[in-house]
Amino acid sequence: MNYWLFKSEPDEYSLDDLRSEPGHIGRWDGIRNYQARNFLRDRVQQGDGVLFYHSACKVPAVVGTARVVRAAYPDPAQFDPESKYFDPKASPENPRWFCVDIEWQSAFARPVALKEIKQNPALEEMVLVKQGRLSIQPVTADEWSLLRRLGGAS
DNA sequence: GCCAACGTTGGC
DNA sequence: GCCAACGTTGGC
C-alpha cells in the first residue's frame, strides 16, 4: 500500500467533479509528463491512497483524499484525434501514456494550503516542496497521516 | 502571463 | 553523444 499526491487544476477537474462521477469513480487521464507517467505506469497500485491537490488556482492546497481502484491502463485519449490529449506517436500496440481510475474518499474539513505545507518542518521533505512541478508524486505514510490530520479528515 | 525546473527530441 | 530547442507544469 503506497500513498500519492495527485495534482489537478480545479477549473479542469476538481475534487467535487470526482465526487459527482457515477459511483464516485473517475479516470485520471491526460498525464503528459514523463516522470508522472512513470509513477503512474510502474508504481501506482490498486488500493493506494491519494491526496487530492488543487493546483494553478488562487489557493493551491490539498483538499481531500481518494483511493486507486484500477491500476494503470493505456489512456484512451492518446488515440483520439479529436482529443486535446491526442498523441500521433502513440499506438494501441505501443501506448505512450497511461491513466488510472480513482474513487472519491473524503473532502477535508479544511484545505491544507501549499503555503502552510512549506512552513511545516515535518513536511519539508515532501516532493511537493522539493520539486515543484510534478503532477503525480509519492507521499510517505507519515506525510499522509499528518496531512489528513491537518485537514481534519475523520 | 512570466519564467524556472524537468525531461525528451533531434541536428550535427 | 553533446547540447540547444522545445513541451509540460505550476507558483507567483
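Lettering follows sequence order; numbering is per chain, from 1.
- A donor atom on one side chain and an acceptor atom on the other are not found under 3.5 Å apart for A:Arg41 and A:Tyr73.
- Atom P of nucleotide C:dT8 and atom CG of A:Asp29 are separated by 15 Å, given to the nearest angstrom.
- Distance from the side chain of A:Ser135 is smallest for C:dT9 among the nucleotides B:dT9, C:dG11, C:dT9.
- Annotation: the span from A:Gln119 atom CD to A:Leu114 atom CG amounts to 9.5 Å, rounded to 0.5 Å.
- A:Ile31 places its CD1 atom 18 Å from the P atom of B:dC6, with the value rounded to the nearest Å.
- Looking at residues 111-119 of chain A, you'll see A:Leu114, A:Lys118 sit with a heavy atom under 4.0 Å from some atom of DNA chain C.
- A:Asn120 is linked by a side chain to side chain donor-acceptor pair (under 3.5 Å) to nothing, counting only residues two or more places apart in sequence or in another chain.
- Close to C:dG10, at under 4.0 Å from its OP1 or OP2, lies a side-chain N or O of A:Lys7.
- The nearest whole Å value for the distance from the CG atom in A:Asn33 to the P atom in B:dG7 is 9 Å.
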Name the pairs: protein N/O against N/O of nucleotides 1-4 of chain B, kept only if under 3.5 Å.
unit_1: B:dA4; atom_1: N3; unit_2: A:Arg133; atom_2: NE; d: 3.2

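- Residue A:Gln35 places at least one side-chain N or O closer than 4.0 Å to OP1 or OP2 of B:dG7.
- Between A:Lys89 and B:dG10 there is a side-chain N or O to OP1 or OP2 distance below 4.0 Å.
- Remark: side-chain polar atoms of A:Gln78 are paired, donor with acceptor, to backbone N or O of A:Arg96 under 3.5 angstrom.
- Here the side chain of A:Glu21 pairs no donor or acceptor atom with the backbone of A:Leu18 at under 3.5 angstrom.
- Between the OH atom of A:Tyr53 and the C1' atom of C:dT9 there is a distance of 12 Å, given to the nearest Å.
- Dashed line: the shortest gap from a side-chain N or O of A:Tyr34 to OP1 or OP2 of B:dT9 is under 4.0 Å.
- A salt bridge links A:Arg32 with A:Asp75: the distance from a Lys NZ or Arg NE/NH1/NH2 to an Asp or Glu carboxylate oxygen falls below 4.0 Å.
- At whole-Å resolution of the value, CG in A:Leu128 and P in B:dC6 are 14 Å apart.
- Aromatic ring orientation, A:Trp104 versus A:His24: perpendicular (interplanar angle above 60°, classes split at 30° and 60°).
- When the P atom of C:dG11 is taken as reference, atom CD of A:Gln137 falls 10 Å away, rounded to whole Å.
- Note on A:Arg96: a side-chain N or O is less than 4.0 Å away from OP1 or OP2 of B:dT9.
- A:Ser145 and A:Asp142 share no donor-acceptor pair across their side chains, judged by distance under 3.5 Å alone.
- Between A:Asn38 atom CG and C:dT8 atom P the separation is 17 Å, expressed in whole Å.
- Judged by distance alone, the side chain of A:Arg110 and the main-chain N or O of A:Leu150 form a donor-acceptor pair under 3.5 Å.
- A:Arg37 places its CZ atom 11 Å from the C1' atom of B:dT8, with the value rounded to the nearest Å.
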